[in-house]
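Report on the following structure.
First the proteins, then the strands, lettered A, B, ... as listed; each starts at 1.
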Protein chains: 2
Amino acid sequence: MKNQASVSSTMKTAKTEQKIMAAAIKVFQDKGYAGTRTRDIAEEAGINLALLNYYFRSKEKLFEIIMLQSMGDFMQIMTAVINNEKTTLEQKIGDIIEAYHELLYDKPGIPIFILSELRQGNHTIFLKATGLKKIYQHSVFAKQYEAAIAKKKYTSRPMIWMIMNLMSMTIFPFMASPLLQMIGDMNQKEYRAFLKTRKPLVVKWVLQTMKS
Amino acid sequence: MKNQASVSSTMKTAKTEQKIMAAAIKVFQDKGYAGTRTRDIAEEAGINLALLNYYFRSKEKLFEIIMLQSMGDFMQIMTAVINNEKTTLEQKIGDIIEAYHELLYDKPGIPIFILSELRQGNHTIFLKATGLKKIYQHSVFAKQYEAAIAKKKYTSRPMIWMIMNLMSMTIFPFMASPLLQMIGDMNQKEYRAFLKTRKPLVVKWVLQTMKS
DNA sequence: GTCTATATTTAGATAGAC
DNA sequence: GTCTATCTAAATATAGAC
């Protein structure tokens with residue numbers, strides 16, 4: 001009987017905690033840290049404001065958790081693909097682009113969220129981001145890249161050249177979607193279809209930039 | 001005597017007003033609307049908080065002015081180059097990339113500022129951005145693009161395809177500079193030199209994407 | 001764990017002296 | 001025009017009942 005109550009209580013806790021976090025992700029990514037009111041998160045989660053502080057103690061603590069998670073979502077895409085022993089360099093490039101499209105299709109607000117908080121000098125995220133360098137430089141991906149360069153398959157340049165082009169062409173169209181929709185005179189549905197059509201070409205273009 | 005006093009007073013006004021605006025641009029672009037405290041702007045301008053309200057009446061009014069100006073800086077680059085009767089399509093592409101580099105070298109915070117405020121549903125900027133579509137579609141640039149397509153010089157696609165690649169490869173590296181600096185293991189000076197070296201290649205790459 | 005009511009802190013805006 | 005001091009509104013965080 002005690003166990004059952006305990007379990008039930010635990011489940012309820014987990015569920016509420018998750019509801020708050022889900023709401024926090026949405027609101028923080030939408031409005032940024034400063035623009036978010038804890039009341040909005042509480043309302044979005046369908047709970048009371050006091051309860052939010054009961055679970056997470058403060059806005060800042062909650063934010064750190066969300067920030068790390070968002071950063072994780074973003075980085076995990078690379079790290080998962082990048083060390084796959086079974087794919088070629090070119091396949092990996094395609095896989096990364098595919099994975100970013102998948103993520104950003106659902107959460108287009110993540111890049112601006114991360115980059116604007118990072119620019120404002122957020123500590124938490126800075127530390128997390130620091131790890132990126134090592135992840136890249138010790139990856140299967142890096143080895144394959146070096147090997148391809150050695151074979152003169154691609155122009156000899158540091159890997160950042162390619163990473164930059166890949167990320168630019170993949171991520172920017174999601175970040176700037178309101179602006180680009182206006183310029184291109186498309187509604188949201190049309191725009192998304194357009195990005196989907198464009199996706200395989202991005203892979204091709206990135207490979208082209210490595211050759212010239 | 002009255003005139004002299006009047007002139008002196010006017011000059012003083014203009015100077016203070018400019019100081020406040022310069023400070024506002026810096027702080028707003030750095031921290032966004034919600035993250036900015038009017039006290040910070042006042043301090044940055046070296047004046048008192050009350051004076052800010054004396055000149056601009058409210059935070060929101062001041063913000064609108066800054067927002068329109070930032071947006072203007074950003075759009076003007078395109079609009080100036082885009083209707084030049086004396087340059088070819090390819091030269092225009094080079095000129096746009098050059099002009100963005102010039103702007104973003106000084107004010108790398110502009111794109112995130114505009115895009116994050118736009119995403120949050122800012123009214124002022126939305127209206128301003130709406131004009132973009134017409135600017136593009138009635139430009140000399142657009143006519144040259146259509147002509148080149150008609151001559152089968154480039155793959156037949158709406159102009160937004162090219163605009164997107166150009167903006168992505170040019171603007172994103174500035175937006176994501178903190179992140180890309182870490183990945184590429186560069187300090188700020190090295191990173192800037194890198195972007196400068198890369199600039200002519202961006203022109204080439206954009207033209208390539210139009211051919212395949 | 002969850003709520004209502006309230007205390008506390010922060011930030012925008014104004015009054016009034018100089 | 002410019003400042004100091006203050007008012008007011010908004011938002012975070014907590015106390016205490018259920």
Side-chain angles (χ1 to χ4, degrees), chain A residues 1-28 30-67 117 120 122 124, chain B residues 1-28 30-67 117 120 122 124:
Chain A
M1 219 128 89
K2 200 182 169 192
N3 274 347
Q4 196 173 13
S6 172
V7 168
S8 158
S9 164
T10 303
M11 285 182 64
K12 208 170 181 184
T13 297
K15 210 176 166 190
T16 302
E17 210 170 324
Q18 283 172 348
K19 273 199 302 183
I20 296 173
M21 284 186 61
I25 289 173
K26 189 174 175 190
V27 182
F28 274 133
D30 219 45
K31 310 199 170 187
Y33 177 74
T36 294
R37 296 178 311 163
T38 49
R39 284 170 164 78
D40 294 337
I41 297 175
E43 190 184 355
E44 176 77 31
I47 53 102
N48 190 275
L49 171 60
L51 205 53
L52 186 150
N53 287 293
Y54 171 77
Y55 278 103
F56 295 95
R57 222 185 129 70
S58 76
K59 179 185 179 182
E60 201 177 340
K61 290 262 196 302
L62 175 54
F63 177 75
E64 275 186 21
I65 293 169
I66 299 307
M67 180 91 262
E117 298 297 336
Q120 287 166 36
N122 182 292
T124 313
Chain B
M1 217 130 82
K2 199 183 168 193
N3 274 346
Q4 196 174 15
S6 171
V7 167
S8 161
S9 163
T10 304
M11 283 181 66
K12 207 170 180 183
T13 297
K15 212 176 166 191
T16 304
E17 210 171 322
Q18 282 172 350
K19 274 199 302 183
I20 296 173
M21 282 186 62
I25 288 173
K26 190 175 175 190
V27 182
F28 275 134
D30 219 46
K31 309 198 172 190
Y33 178 74
T36 294
R37 296 178 311 160
T38 50
R39 283 168 166 80
D40 294 337
I41 296 175
E43 189 184 357
E44 176 77 29
I47 54 101
N48 190 274
L49 171 59
L51 205 52
L52 186 149
N53 286 293
Y54 172 76
Y55 277 103
F56 295 96
R57 223 186 127 70
S58 75
K59 179 185 179 182
E60 201 176 340
K61 290 264 195 300
L62 176 55
F63 178 75
E64 275 187 20
I65 293 168
I66 301 306
M67 180 91 263
E117 298 298 336
Q120 287 166 37
N122 182 293
T124 312

Mind calculating the distance between OH (Tyr54(A)) and P (dT2(C)) to the nearest angstrom? 8 Å

Between Lys59(B) and Thr36(B) the two heavy atoms that sit nearest each other are NZ-O, 2.9 Å

Identify the two heavy atoms, one from Leu52(A) and one from Ala42(A), that lie closest to each other, and give their separation to 0.1 Å. CD1-N, 4.2 Å

Does some side-chain heavy atom of Met21(A) sit less than 4.5 Å from a side-chain heavy atom of Phe56(A)? yes

Of all residues at least two apart in sequence or in a different chain, which pass the ring-ring contact (aromatic ring centres under 6.0 Å, His included) check with Tyr33(B)? Phe63(B)

Taking only side-chain N and O atoms of Thr16(B), does any of them lie within less than 4.0 angstrom of OP1 or OP2 on dG1(D)? no

Value in whole Å for how far the P atom of dT14(C) lies from OH of Tyr55(B): 17 Å

Send over the distance from Leu52(A) CG to dG1(C) P, rounded to a whole Å. 14 Å

Separation of atom OH in Tyr33(B) from atom P in dA10(D), rounded to whole Å: 12 Å

Which listed nucleotide (dA13(C), dA13(D), dT2(D)) is nearest to the side chain of Asn53(A)? dA13(D)

Atom pair distance, as rounded to whole Å: CD1 in Ile20(B) and P in dA13(C): 14 Å

Please tell me if the side chains of Ile41(B) and Leu62(B) come closer than 4.5 Å, counting only heavy atoms from C-beta onward. yes

Strictly under 4.0 angstrom, non-hydrogen atoms only: write out the protein contact profile of nucleotides 3-11 of chain C, one letter per nucleotide from the 5' end, B, S or -. BB------B

Rounded distance (Å) that lies between atom C1' of dG12(C) and atom CZ of Arg57(B): 13 Å

Rounded distance [0.5 Å steps], CD in Glu44(A) versus NZ in Lys26(A): 4.0 Å

Rounded interatomic separation in angstrom, taking NZ from Lys61(B) and C1' from dT14(C): 16 Å

